[in-house]
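Below: one structure, written as structure tokens.
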Amino acid sequence: MKLNYSNIFIIISILSIIFACENQDLREATINNEYDKLEYYSKDSFDKRVQNILSKYKEESFAIIDYKTCARCSGEFIDNFFNDLSIQDTFGLLFNDSSIFRSYYDDSLSLTWHFLEPKILQENSLESSVILKYRKNERNQYIRVK
Amino acid sequence: MKVLIKTVVIFVLLFLFVHCNSGKTKEPFNFKIGNKIKSIDVSDKDVSLTYALQYAGSNNVYFTNSDFNQVLIIYKLNLLNFKFEKLLEVESDFYFEAYFVDEKKSLIYLFSGEYLRVYNFENVLLNKKVFGITESGYLSNQNPIGFYPYIDDDRMFIEYFPDIAHTYKSKLFYDQPLQAIYNMKKNEIELMKVSYPHDYKNKCFGYNFIPDRIINNQKQHVFTFPYNDSVYIVDSFGQLEKTFYFGTHTINDFPYIPFDKIDSVHREVFDEFYKDVPHYGFSSFLSFSNIYTRQLIKYNQKENRSSGTIIFYNSKFEFIGQHDCNGTLSLFDNVNHQIFKIEKNNKKLNLYEVKLQ
């Protein structure tokens, strides 16, 4: 068999396929795709979902404690939050686990305590490892407070 | 004749193509958890597997207690005679981060973020010094914990956490060294050259960025990362020696969050990302059996639990096999090449022998 272009092409093809066969399972993960939930977690979209929940209550400011997710990262978040409160603080406190009420309820504080069904944050993908704080602006929209 | 040769070649190509797509013939791999070979009663003790560790070349596994509010306890389990004993019990009036047991010198180092305490095996505090904060970052196991400190003679190898605003949300973070060498004799700190893989510098994977580091029998530092299919072998001076494929035989796809989009999303996207995207963790080295393992963890949102795949590699970092399991596995071995799965159940520490074939 002469070594012309056609034959070289065939040999290279065979070698390529053999090489691909040997390595087909051993390749780096593809990292080409952006996470598909970015839009869902855009600030507008997230705040809208929070707004839908908060609009059922009448307070002007809120803190939402997703106990399970907060505690997973650091229970100290919650301790520090309550330690820093003063009797002048007035807002609605939404909590989804009764441990919060049992551990931190203090009748000297002017908070309004609301129990939130655990599934509500989950269904709306609002689970958060930090305490969510929102207050109403002049346009009656709840905006997130950092 | 020419036509015949070409026909044969086409058939060969077709055969190879079909063979290729039908899956590579793999050597059979059998992972079996055998009978329980030892059960240790720990009903009167608070023992946790969270901080369990075994050093290369040692037959001992170390454990801590789980509730550090009052005391910190370190236990030792010998995998040859199965003697389980308390090595240290001290008042935990500090925030416990990590520990190191120096078996040669019979010392225990406790890391608390602000101080380094050194005890002997008789509970005597030999030294307490301010430790952990440098001009540019922290020498400690800040949460989330990546890998444990390791001491070799006077050199302490410890996780380095740069003091950079926005940490994992900043590109700068991933350009920084991730391990420091503290020379205990000279009281000098040197940052190792090793940093995060290329992909981490361009693509954000959220707060589960943490590297794993194993120290093998050759005292090489073996680095792995949650969203990366490679292993990076570095010498004890920080020089990258080799990298190998260290993934699964299942093709992974790690999505990412572009750095330039982080400001437009709420931080909760990282919580969701952490749950959604499978990632590696719990890299370990069975030093007597010369087997490396790592685990691919997947979170099932519907069932609200994690499942995992444990992957095995030989001393040349070649894939041996993988095994699906519920949750994660804690494996250890002894000089007789016995591999053990250890779990705590009903106030007992149970040891099962694991067979790999």
Side-chain angles (χ1 to χ4, degrees), chain A residues 1-2 4 6-7 9-50 64 66 68-70 72-74 76 118-119 121-122 124-130 132 144 146, chain B residues 1-2 5-6 9-10 12-13 15-17 19-21 23-26 95 143-144 199-200 202-207 227-230 244-258 261-278 301 304 318-319:
Chain A
M1 190 166 73
K2 275 190 214 167
N4 57 26
S6 166
N7 293 335
F9 174 77
I10 290 165
I11 291 166
I12 289 172
S13 301
I14 292 171
L15 289 174
S16 302
I17 291 175
I18 291 170
F19 183 77
C21 270
E22 286 298 310
N23 292 284
Q24 69 163 351
D25 286 341
L26 301 171
R27 59 178 176 236
E28 296 283 328
T30 51
I31 308 186
N32 298 320
N33 303 320
E34 284 187 16
Y35 185 46
D36 58 9
K37 292 186 181 169
L38 288 178
E39 179 53 40
Y40 194 61
Y41 282 90
S42 69
K43 289 179 176 168
D44 285 348
S45 170
F46 188 91
D47 292 344
K48 210 173 272 176
R49 299 199 301 277
V50 175
I64 307 173
D66 174 13
K68 197 175 162 196
T69 317
C70 274
R72 190 190 70 215
C73 288
S74 169
E76 282 179 42
K119 64 177 183 189
L121 292 182
Q122 206 173 358
N124 290 282
S125 297
L126 296 174
E127 294 149 307
S128 177
S129 52
V130 295
L132 294 168
R144 188 157 174 183
K146 292 206 171 173
Chain B
M1 185 64 181
K2 206 172 172 184
I5 290 171
K6 291 222 163 156
V9 167
I10 287 167
V12 169
L13 281 171
F15 170 77
L16 284 172
F17 184 75
H19 175 71
C20 218
N21 281 332
K24 187 181 165 188
T25 310
K26 298 183 187 86
Y95 179 68
N143 275 327
D199 279 330
Y200 276 58
N202 298 303
K203 292 158 180 169
C204 184
F205 299 101
Y207 53 65
Y227 302 101
N228 185 285
D229 277 327
S230 293
F244 293 102
Y245 180 81
F246 205 57
T248 64
H249 270 235
T250 317
I251 292 167
N252 296 314
D253 177 9
F254 298 127
Y256 68 98
I257 296 170
K261 289 193 178 170
I262 288 176
D263 285 343
S264 65
V265 289
H266 274 312
R267 63 174 304 291
E268 282 67 26
V269 73
F270 293 106
D271 293 327
E272 187 73 2
F273 184 89
Y274 175 72
K275 284 196 286 185
D276 254 4
V277 179
Q301 296 231 27
N304 195 21
E318 292 165 340
F319 178 91

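So you know, we letter chains A, B, ... as the sequences are listed, proteins then strands, and number each from 1.
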Inset, instruction - Check whether the side chains of A/Tyr41 and B/Glu272 place a donor and an acceptor atom closer than 3.5 Å, and report yes or no. - result: yes
Legend entry - From A/Leu38 atom CG to B/Phe273 atom CZ, the distance as rounded to the nearest 0.5 Å: 9.0 Å
Inset, instruction - State, with a plain yes or no, whether a side-chain heavy atom of B/Glu268 is found less than 4.5 Å away from one of A/Leu126. - result: no
Legend entry - Donor-acceptor pair between B/Tyr256 and A/Asn33 side chains, under 3.5 angstrom: no
Legend entry - NZ/A/Lys43: more than 12 non-hydrogen atoms of other groups inside 6.0 Å: yes
Inset, instruction - Answer yes when B/Lys261 and A/Glu34 have at least one side-chain N-carboxylate O distance shorter than 4.0 Å, and no when they do not. - result: yes
Legend entry - Considering all heavy atoms, the nearest A/Glu127-B/Asp271 contact: O-OD2, 3.8 Å
Inset, instruction - Answer yes if the ring centres of A/Phe46 and B/His266 are under 6.0 angstrom apart, and no otherwise. - result: yes
Inset, instruction - Check each atom of B/Asn202 against the heavy atoms of chain A and say whether the ones under 4.5 Å are side chain, backbone, both or neither. - result: neither
Legend entry - Part of B/Phe270 lying under 4.5 Å from any heavy atom of chain A: neither
